[in-house]
Asks: 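Starting off with a structure, shown below.
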Amino acid sequence: MSEETAASATPWIRIHEAGTRIGQSVEIRGWVTHRRSSGKIQFLVVRDGSGEMQCVAGVRDLSAGQWEASQALTQESAVVLRGTLKADARQVGGVELGIQSLEVISLAPEYPITPKEHGVDYLMDHRHLWLRSPRQQAILRIRAEIISAFRDFMNGEGFVLVDAPIFTPSACEGTTTLFETQYFDDKAYLTQSGQLYMEAAAMAFGRVYCLGPAFRAEKSKTRRHLIEFWMMEPEWAFATLPDVIALEERLLVATVARVLERRGEDLKVIERDTTRLARVQGPFPRIHYDDAVKMLHAAGIPFEYGNDFGAPDETELSNRYDTPIFVTHYPAAIKAFYMEPDPANPQLSLSCDCLAPEGYGEIVGGGQRMSSLDLLTQRIDQHGLPQSAFEWYKDLRRYGSVPHAGFGIGVERTLAWIAGLDHVRESIAFPRMLYRLTP
RNA sequence: UCCUCGGUAGCUCAAUGGUAGAGCAUCCGGCUGUUAACCGGAGGGUUGUAAGUUCGAAUCUUACCCGAGGAGCCA
């Protein structure tokens with residue numbers, strides 16, 4: 001039998017399905033993560049992106065050339081292995097490959113990331129390689145699950161995906177710092193939020209959402225901040241503040257449930273305490289800003305009414321509950337210009353932030369949008385923004401203006417909370433942070 | 001931008017004014033069931049940069065560079 005025939009007869013499988021193929025001859029294509037040798041027998045731990053499996057070869061199992069090649073294997077060398085799968089209770093996954101043939105695709109030189117410990121700076125400098133570690137893969141798989149859950153949930157609620165532009169002519173909110181870039185002979189800015197565009201789309205489709213990157217040139221340097229982060233922003237015509245809070249609640253419950261259901265193995269890899277996630281069931285507390293301030297005062301925290309909550313304030317509030325909490329009716333002065341005033345107290349706004357448990361802070365921000373053209377025009381002036389930049393946005397109030405509401409939910413912060421991460425830098429493949437643009 | 005902490009071998013760290021070390025990684029040798037395998041040996045350094053104090057500086061002083069954690073702001 002020629003080698004080509006043998007190759008075609010041996011199915012290439014992925015490691016995660018090895019357990020269902022005990023006794024079969026298979027081919028594995030992957031990278032060596034560990035090699036242990038005991039003279040005439042050696043153990044290769046190989047990963048292929050779907051899992052890891054120990055593969056074992058004795059000196060008599062391979063040709064002399066293959067045996068020699070196998071002894072020279074280094075961490076992260078790429079190999080194609082063929083052999084027979086056998087049950088072995090000692091192994092993770094209960095399977096082991098008895099190697100009968102080994103082909104070295106590429107021999108790696110000394111690999112920078114060893115199985116030992118490394119510092120954050122070093123790992124971030126090698127982020128392109130760090131992604132190969134089991135923990136990082138688990139986190140990014142959970143990220144992918146969260147994004148799928150977001151999309152499936154919104155689609156199920158009848159929302160239409162409408163993507164927002166990345167290049168924008170001016171600030172969406174005018175408050176935070178923008179990244180400026182050249183747009184032929186003009187200046188353009190990287191988007192901070194797709195919301196204003198979603199408001200336009202909501203007046204077309206009724207219910208819409210976008211999911212994409214946002215860029216904030218803020219010199220923020222904390223575990224909760226990225227310069228480039230991903231956000232989903234639903235916008236819902238004819239909806240009010242309570243409607244959109246209920247929507248957020250259903251979204252979060254559905255997302256956590258789905259991660260628990262489908263990414264249990266990954267949660268185990270990162271050693272997440274899932275009992276806390278299992279308690280994330282609706283309804284979540286709704287706390288009026290006035291009451292939140294009273295709670296802080298009762299806890300002996302000096303806080304001036306009218307201010308926004310700082311990170312320690314948010315932690316104080318959210319630590320009282322197992323679930324995320326909604327804080328509503330923030331003072332209009334500390335919220336964006338487009339927030340609808342509270343009819344019961346015009347100093348307050350129909351706004352809502354959702355604070356994650358365990359001190360993860362704000363993961364969702366949203367509220368009801370202003371529907372009056374006159375008031376909107378006034379607020380744009382009050383915020384020192386140019387009316388001309390918002391003429392198209394004001395058209396939405398000229399032609400069939402309706403109450404509408406929406407929110408933005410941060411993918412990385414939601415993931416950091418669900419996965420129990422210490423820092424959002426692990427929540428995206430290639431984080432963009434203050435002082436870090438590479439790799 | 002501000003506050004705090006840090007930078008010593010490829011990596012993680014030790015050495016607190018007196019010859020710069022260990023573990024891992026790498027290379028060589030040994031071992032047929034290892035699990036961050038183990039055992040023996042070897043190579044590996046302008047102590048972030050620059051200046052200063054001192055007989056003598058990784059160690060003390062100053063400036064700068066780089067990073068980490070936090071604040072503000074926000075998802």
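Letters go in sequence order (proteins before strands), and every chain restarts at 1.
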Asks: Determine whether the side chains of His423(A) and Ser427(A) contain a donor N or O and an acceptor N or O closer than 3.5 Å.
Replies: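 The criterion, which ignores hydrogens and geometry beyond distance, is not satisfied for Ser427(A) and His423(A).
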Asks: Among C11(B), C73(B), A75(B), which nucleotide sits nearest the side chain of Tyr122(A)?
Replies: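 Between C11(B), C73(B), A75(B), the one nearest the side chain of Tyr122(A) would be C11(B).
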Asks: Considering every strand and a 4.0 Å limit on heavy-atom distances, what is the contact class for Glu412(A): base, sugar-phosphate, or nothing?
Replies: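 Contact class for Glu412(A): none.
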Asks: Could you give the distance separating G21(B) and C39(B) at their P atoms, to the nearest angstrom?
Replies: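 Rounded to whole Å, the distance is 23 Å.
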Asks: Under 4.0 Å between a side-chain N/O of His423(A) and OP1 or OP2 of G69(B), yes or no?
Replies: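 So the side chain of His423(A) is within the cut-off, an N or O lying under 4.0 Å from OP1 or OP2 of G69(B).
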Asks: Work out how far the C1' atom of A36(B) is from that of C11(B), and round it to whole angstrom.
Replies: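 Each nucleotide's C1' atom is 14 Å from the other's.
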Asks: Check every strand shown and say whether His225(A) touches a base, only sugar-phosphate, or nothing at a heavy-atom separation below 4.0 Å.
Replies: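 Base contact - His225(A) has a heavy atom under 4.0 Å of at least one base atom.
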Asks: Starting the side chain at C-beta, find the nucleotide from A68(B), U32(B), C74(B) nearest to Arg224(A).
Replies: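 Given the options A68(B), U32(B), C74(B), the side chain of Arg224(A) is closest to C74(B).
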Asks: What is the separation between atom CG on Leu437(A) and atom P on C66(B), rounded to the nearest whole Å?
Replies: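 Interatomic distance, CG of Leu437(A) to P of C66(B): 14 Å.
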Asks: What I want to check is whether an N or O donor and acceptor connect the side chain of Arg60(A) with the base of U32(B) at under 3.5 Å.
Replies: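 Counting by modelled atom types and ignoring angles, a donor-acceptor contact under 3.5 Å is found here.
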Asks: Could you tell me how far apart Leu434(A) (CG) and C66(B) (P) are, to the nearest whole angstrom?
Replies: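 Taking CG of Leu434(A) and P of C66(B), I get 11 Å after rounding.
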Asks: Hunt down the Watson-Crick or G-U wobble partner of C38(B), both distances under 3.5 Å, from any strand shown, or write none.
Replies: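 By the stated definition (distances under 3.5 Å), G30(B) pairs with C38(B).
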Asks: Looking only at the side chain of Lys86(A) (C-beta and beyond, no hydrogens), which of the listed nucleotides A36(B), G67(B), G33(B) gets closest?
Replies: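 It is G33(B).
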Asks: Remember a base hit wins even if backbone is also touched, and classify Gly361(A) as base, sugar-phosphate or nothing at under 4.0 Å, heavy atoms.
Replies: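 Gly361(A): no heavy atom of the nucleic acid under 4.0 Å.
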Asks: Is it the case that U1(B) (base atoms only) and Glu218(A) (side chain only) share a donor and an acceptor within less than 3.5 Å, ignoring hydrogens and angles?
Replies: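 Donor-acceptor pair under 3.5 Å: no.
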Asks: For the aromatic rings, using the six-membered ring if either is Trp, is the centroid distance between Tyr197(A) and Trp392(A) under 6.0 Å?
Replies: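 Yes, the ring centres sit under 6.0 Å apart.
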Asks: Which listed nucleotide (U26(B), C31(B), U34(B)) is nearest to the side chain of Ser37(A)?
Replies: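 Between U26(B), C31(B), U34(B), the one nearest the side chain of Ser37(A) would be C31(B).
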Asks: Nearest to the side chain of Lys221(A), heavy atoms from C-beta on, is which of A75(B), U34(B), A68(B)?
Replies: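 That would be A68(B).
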Asks: Going by purine N1 to pyrimidine N3 plus the second Watson-Crick contact, or the G-U wobble pair, all under 3.5 Å, which nucleotide sits opposite C74(B)?
Replies: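 WC or wobble partner does not exist here.
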Asks: Where each residue is assigned the nucleotide of RNA chain B containing its nearest heavy atom, which of Tyr435(A) and Trp230(A) is assigned the position nearer the 5′ end?
Replies: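 Counting from the 5' end, the first nearest nucleotide belongs to Tyr435(A).
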Asks: Tell me: CG of Asn307(A) to C1' of A71(B), nearest whole Å?
Replies: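 Rounded to whole Å, this separation is 15 Å.
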Asks: Nearest to the side chain of Arg425(A) - A75(B), G33(B), A68(B)?
Replies: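 So the nucleotide nearest the side chain must be A68(B).
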Asks: Under a 3.5 Å limit for both distances, which nucleotide forms a Watson-Crick or G-U wobble pair with C24(B), could you say?
Replies: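 Base partner found: G10(B).
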Asks: Can you confirm whether Gln347(A) is buried at CD, in the sense that more than 12 heavy atoms of other residues, nucleotides or ligands lie under 6.0 Å from that atom?
Replies: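 Not buried by this count: 12 neighbours or fewer within 6.0 Å.
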Asks: Could a donor-acceptor pair under 3.5 angstrom be found where the side chain of Asp121(A) meets the base of G7(B)?
Replies: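 Answer is no: no donor-acceptor pair is held.
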Asks: Assign Ile409(A) to base, sugar-phosphate, or nothing according to its heavy-atom contacts below 4.0 angstrom with the strands shown.
Replies: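 Nothing, no heavy atom under 4.0 Å.
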Asks: Nearest whole angstrom, please: distance from the P of C74(B) to the CZ of Arg432(A).
Replies: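 After rounding, the reported distance stands at 25 Å.
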Asks: Which part of the nucleic acid, if any, lies within contact of Gly410(A), taking any heavy atom under 4.0 Å across all strands shown: a base, the sugar-phosphate backbone alone, or nothing?
Replies: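 Counting heavy atoms under 4.0 Å across all strands, the contact made by Gly410(A) is with sugar-phosphate only.
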Asks: Ignoring the backbone of His118(A), work out which of A71(B), U12(B), C73(B) is nearest its side chain.
Replies: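 Shortest atom-to-atom distance from the side chain points to U12(B).
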Asks: For Tyr330(A) and C73(B), give me the distance from atom OH to atom C1', rounded to whole Å.
Replies: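 Answer to the nearest Å: 14 Å.
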Asks: Just name whichever nucleotide pairs with G56(B), Watson-Crick or G-U, keeping both distances under 3.5 Å, else none.
Replies: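 Base-paired to nothing in any strand shown.
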Asks: Need one value for Asp88(A): base, sugar-phosphate or nothing, where a base atom within 4.0 Å counts as base even if backbone is also close, heavy atoms only.
Replies: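 Base: the residue Asp88(A), judged by heavy atoms under 4.0 Å, touches a nucleobase.
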Asks: Would you say the side chain of Arg36(A) and the base of C31(B) hold a donor-acceptor pair, judged only by whether the two atoms sit under 3.5 Å apart?
Replies: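 In this structure, the two groups form no donor-acceptor pair.
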Asks: Does the structure show a Watson-Crick or G-U wobble partner for U4(B), both distances under 3.5 Å? Name it, or say none.
Replies: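 Pairing partner: A68(B).
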Asks: Do the side chain of Gln54(A) and the base of U34(B) come within less than 3.5 angstrom through a donor-acceptor pair of N or O atoms?
Replies: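 Indeed there is one.
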Asks: Could you measure the distance from the CZ atom of Arg436(A) to the NZ atom of Lys221(A)? Nearest 0.5 Å is fine.
Replies: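 Rounded to the nearest 0.5 Å, the CZ-NZ separation comes out at 10.0 Å.
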Asks: Please confirm whether any donor atom in the side chain of Glu96(A) sits under 3.5 Å from an acceptor in the base of G33(B), or the reverse.
Replies: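 Side chain to base: pair present.
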Asks: For the pair made of NE2 in His126(A) and P in G10(B), what is the distance, rounded to whole Å?
Replies: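 That distance rounds to 12 Å.
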Asks: From the set C73(B), A68(B), U32(B), return the single nucleotide nearest to any side-chain atom of Lys40(A).
Replies: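 My answer, after comparing the listed nucleotides, is U32(B).
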Asks: Taking only the side-chain heavy atoms of Arg216(A) (C-beta and beyond), determine which of A75(B), G33(B), G72(B) contains the nearest atom.
Replies: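 The listed nucleotide nearest to Arg216(A)'s side chain is A75(B).
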Asks: Should A63(B) form a Watson-Crick or G-U wobble pair with both distances under 3.5 Å, which nucleotide is its partner?
Replies: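 Because both required distances fall under 3.5 Å, A63(B) counts as paired with U49(B).
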Asks: Should G43(B) form a Watson-Crick or G-U wobble pair with both distances under 3.5 Å, which nucleotide is its partner?
Replies: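 Base-paired to nothing in any strand shown.
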Asks: Please work out if Leu226(A) contacts a base, only the sugar-phosphate, or nothing of the nucleic acid, heavy-atom cut-off 4.0 Å.
Replies: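 Answer is base: heavy atoms of Leu226(A) come under 4.0 Å of a base.
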Asks: Please round to the nearest 0.5 Å and tell me the distance separating atom CG of Asp381(A) and atom CZ of Phe390(A).
Replies: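 Rounded to the nearest 0.5 Å, the CG-CZ separation comes to 11.0 Å.
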Asks: Find the partner of A15(B): check Watson-Crick (N1-N3 plus N6-O4 or O6-N4) and G-U wobble (N1-O2, O6-N3) distances, both under 3.5 Å, and reply none if neither fits.
Replies: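 Here A15(B) is not engaged in any pair, so there is no nucleotide opposite it.
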Asks: Between U12(B), G72(B), G33(B), which one does the side chain of Ala311(A) approach most closely?
Replies: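 So the nucleotide nearest the side chain must be G72(B).
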Asks: Are Tyr289(A) and Tyr330(A) close enough that their ring centers fall under 6.0 Å?
Replies: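 Aromatic pair counts; centres sit under 6.0 Å.
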Asks: Considering only heavy atoms from C-beta outward, does the side chain of Asp313(A) approach that of Thr315(A) to under 4.5 Å?
Replies: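 Not in contact.
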Asks: Quick one: are Leu421(A) and Arg135(A) in side-chain contact, heavy atoms under 4.5 Å?
Replies: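 Result yes, sub-4.5 Å side-chain heavy-atom pair found.
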Asks: Between atom CZ in Phe43(A) and atom P in C38(B), what is the gap in whole Å?
Replies: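 Going from Phe43(A) (CZ) to C38(B) (P), I get 14 Å.
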Asks: Establish whether the base of C73(B) is bridged to the side chain of Ser220(A) by a donor-acceptor pair shorter than 3.5 Å.
Replies: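 When only heavy-atom distances are counted, Ser220(A) does reach the base of C73(B) through a donor-acceptor pair under 3.5 Å.
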Asks: Whole angstrom is fine here: how far is it from CZ in Arg90(A) over to C1' in U32(B)?
Replies: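 After rounding, the gap between these two atoms is 12 Å.
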Asks: Do you know the tightest heavy-atom contact between Lys335(A) and His383(A)?
Replies: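 Taking every non-hydrogen atom into account, O-NE2, 3.9 Å.
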Asks: If you assign Asp422(A) and Gly365(A) each to the RNA chain B nucleotide with the nearest heavy atom, which residue ends up on the more 5' nucleotide?
Replies: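 With Asp422(A) and Gly365(A) compared, the 5'-side residue is Asp422(A).
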Asks: Could you tell me whether Val424(A) contacts a base, only the sugar-phosphate backbone, or nothing, with contacts defined as non-hydrogen atoms closer than 4.0 Å?
Replies: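 Result for Val424(A) = nothing.
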